Amino acid sequence: MRRPSHIAFALTLAVAGGAAFAQAQSEKDAKYRVGDKYTGYTYADPTTQSMQDDDYVNPGFLWVQEGEKLWSAAEGAAGKSCADCHGKAQESMKAVGALYPKWQEKIGKLENVEQRINQCRADNMKAEPWKWESPALLAMTAYVQLQSRGQPVDVAVEGPVKPHLQNGERLFYMRHGQLDLSCANCHEDNDGKWMRGDHLGQAMANGFPTYRLKEQTLISLQFRLIGCVRDTRAEAYPYGSDEYLDLELYLAHRGKGLPVEAPSVRR
Amino acid sequence: MRRLGAIIVSAMLPVAASVAFADELVKFAVVDDNEIRESLTGKPGNPEEGRKAAANRGLGNCLACHVMPIKEDLQGDVGPDLKGVASRLKESELRLRLVNPKLLNPQTAMPAFYRTDGLNRVRKDMEGKPILTAAQIEDIVAYLLTLKE
């Protein structure tokens, strides 16, 4: 009931007895507010929030469970599993999610978690890369990200990463498509407003992969970015393109200090 | 001050694309950076059709950003409520705001509904096409003129 057509109604509520409700709400939300930054959790409806809060109810955990299985499944010509090199994910993957995308000196490239996973498959397991948005890649990403849940996002942005951050920022402010909209038009200028039935938030990336009630599946950040670019009636960039990597980096940096909340649940 | 807002697209298109000539924008004159006085089609639009085009997600999709007196539960509040817009703005002003609101406010989120230049990475199947046709612009202008307070 948080749509413009109900604004009058919501206002009446707030005046009447909303103060107590607002307080309870703000305590729950506090975790996902850092300074003036806040995540999609804070404006999700209460049902969606409680779905995310309870690991036994959160549908994202179906992928997490699958990821846990895959963690110790040997695959590829080297006959190795992730566990063979990394041991317990709870320890070795603890802060990983909060630090990506990250510069990989060896290949001279910025990599997100999905790409890092596939890099390990190629280099260390001699296994085929998992396809973008494949159930296995989503599962492993969710499992890895979960290990950093609660850790403040803190991507490195100096040195060779700096031009990528600058490019990400440029893309964030660049207008796209027939509708001529930039990310900032929706997620900065109109942060907190409604577009049709959708609440425009700050486009924080700390909750990915996200279980989307609309799509009834877990989605990667790249999937979301493709959707947002497409919504401007622009030619989307391909999965894993430099453009999305740089945007991922910029989004992470914009959300610095917010806790990793993967797998989040959104409408 | 008068200036010609539309460019003649045909001159820039290769011959093979001449089937797309229907996309060519009609010329219009912007007055005082605030008005387009003449109808883009030379005649008044149809308010009933305009109401439909304004609500249609594939056409105006105005409800994405505006509240309008249209029975549709999902509306937006990125732009102002258009309930009484015809009491605030006259026909020529409404037309300009639909054709290209960026002439008034370059920062605005509102798309220019009748413009094909200065855009970036437009989806291939929409390249060179304005969001709305001249007739749809006139229909929506006619509909907006019914929104008096």
Side-chain angles (χ1 to χ4, degrees), chain A residues 1-11 43 45 167 170-203 214 225-238 241-244 246-247 267, chain B residues 9 23 25 54-83 98-133 136:
Chain A
M1 282 278 222
R2 297 199 206 158
R3 284 166 189 157
S5 43
H6 302 300
I7 281 173
F9 172 69
L11 282 179
Y43 52 84
D45 63 58
N167 191 42
R170 181 185 69 84
L171 289 165
F172 191 82
Y173 288 96
M174 186 169 99
R175 288 180 183 254
H176 278 85
Q178 193 192 38
L179 301 185
D180 201 22
L181 289 165
S182 68
C183 314
N185 281 143
C186 284
H187 294 297
E188 200 167 273
D189 307 346
N190 290 297
D191 165 28
K193 298 233 172 102
W194 289 86
M195 190 170 270
R196 282 279 187 180
D198 288 327
H199 181 114
L200 298 170
Q202 294 182 331
K214 208 187 273 176
L225 298 184
I226 288 174
C228 276
V229 171
R230 198 170 279 153
D231 283 349
T232 69
R233 300 194 183 169
E235 282 296 320
Y237 305 97
S241 57
D242 293 346
E243 284 85 357
Y244 290 142
D246 293 353
L247 267 173
R267 64 187 291 274
Chain B
V9 179
D23 301 328
L25 299 184
N56 187 315
R57 284 168 194 258
L59 295 175
N61 197 16
C62 314
L63 295 174
C65 296
H66 294 283
V67 173
M68 289 173 145
I70 291 180
K71 274 216 169 56
E72 257 258 6
D73 60 346
L74 300 180
Q75 311 207 355
D77 62 355
V78 168
D81 190 329
L82 295 180
K83 209 181 325 123
L98 277 181
V99 165
N100 188 358
K102 279 143 206 194
L103 294 176
L104 290 167
N105 173 14
Q107 315 303 330
T108 188
M110 180 158 156
F113 285 91
Y114 200 68
R115 183 179 93 169
T116 53
D117 62 316
L119 303 173
N120 183 25
R121 276 188 87 84
V122 175
R123 232 172 71 186
K124 289 268 154 28
D125 56 327
M126 293 170 171
E127 232 177 306
K129 295 180 188 157
I131 304 170
L132 296 173
T133 64
Q136 287 162 342

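All values derive from a computational prediction rather than experimental measurement.
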Counting only heavy atoms closer than 4.5 Å, note whether Asp81(B) contacts chain A via side chain, backbone, both or neither. neither

Please state whether the side chain, the backbone, both or neither of Arg115(B) comes within less than 4.5 Å of a heavy atom of chain A.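 The side chain, not the backbone.
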
Less than 4.5 Å apart, side chain to side chain, heavy atoms only: is that true for Ile131(B) and Gln136(B)? no

Are side-chain heavy atoms of Val122(B) and Arg233(A) found at a separation under 4.5 Å?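 No - every pair of side-chain heavy atoms lies 4.5 Å or more apart.
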
Just give me the residue among Thr108(B), Asn120(B), Asn61(B) that pairs up with chain A most often, heavy atom to heavy atom, under 4.5 Å. Asn120(B)

Looking at Met110(B), Lys102(B), His66(B), which one has more heavy-atom pairs under 4.5 Å with chain A than the rest?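 Of the options given, most contacts go to Lys102(B).
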
Using side chain to side chain contact (heavy atoms under 4.5 Å, CB included) as the criterion, list what pairs up with Lys214(A), not counting sequence neighbours.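 Once residues adjacent in sequence are excluded, the partners of Lys214(A) under the side chain to side chain contact (heavy atoms under 4.5 Å, CB included) criterion are Asp198(A), Arg212(A).
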
Check ring-ring contact (aromatic ring centres under 6.0 Å, His included) between Tyr244(A) and all other residues, then give those that pass, not counting sequence neighbours.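 ring-ring contact (aromatic ring centres under 6.0 Å, His included) list for Tyr244(A), sorted by chain: Tyr237(A).
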
Under the side chain to side chain donor-acceptor pair (under 3.5 Å) rule, collect the residues that match up with Arg170(A), sequence neighbours excluded.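 Partners of Arg170(A) by the side chain to side chain donor-acceptor pair (under 3.5 Å) criterion, ordered by chain and then number, come out as Asn167(A).
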
What part of Ala236(A) gets within 4.5 angstrom of chain B, counting heavy atoms only: side chain, backbone, both, or neither? backbone

Chain B contacts: which residues in residues 173-182 of chain A have a non-hydrogen atom closer than 4.5 Å to it?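 Within residues 173-182 of chain A, near chain B: Met174(A), Arg175(A), His176(A), Gly177(A), Gln178(A), Leu179(A), Asp180(A), Leu181(A).
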
Can you check whether [Y]'s main-chain N or O pairs, donor with acceptor, with [X]'s side chain at less than 3.5 Å?
X	Y	answer
Gln75(B)	Ile70(B)	yes
Gln202(A)	Asp191(A)	no
Asp77(B)	Lys193(A)	no

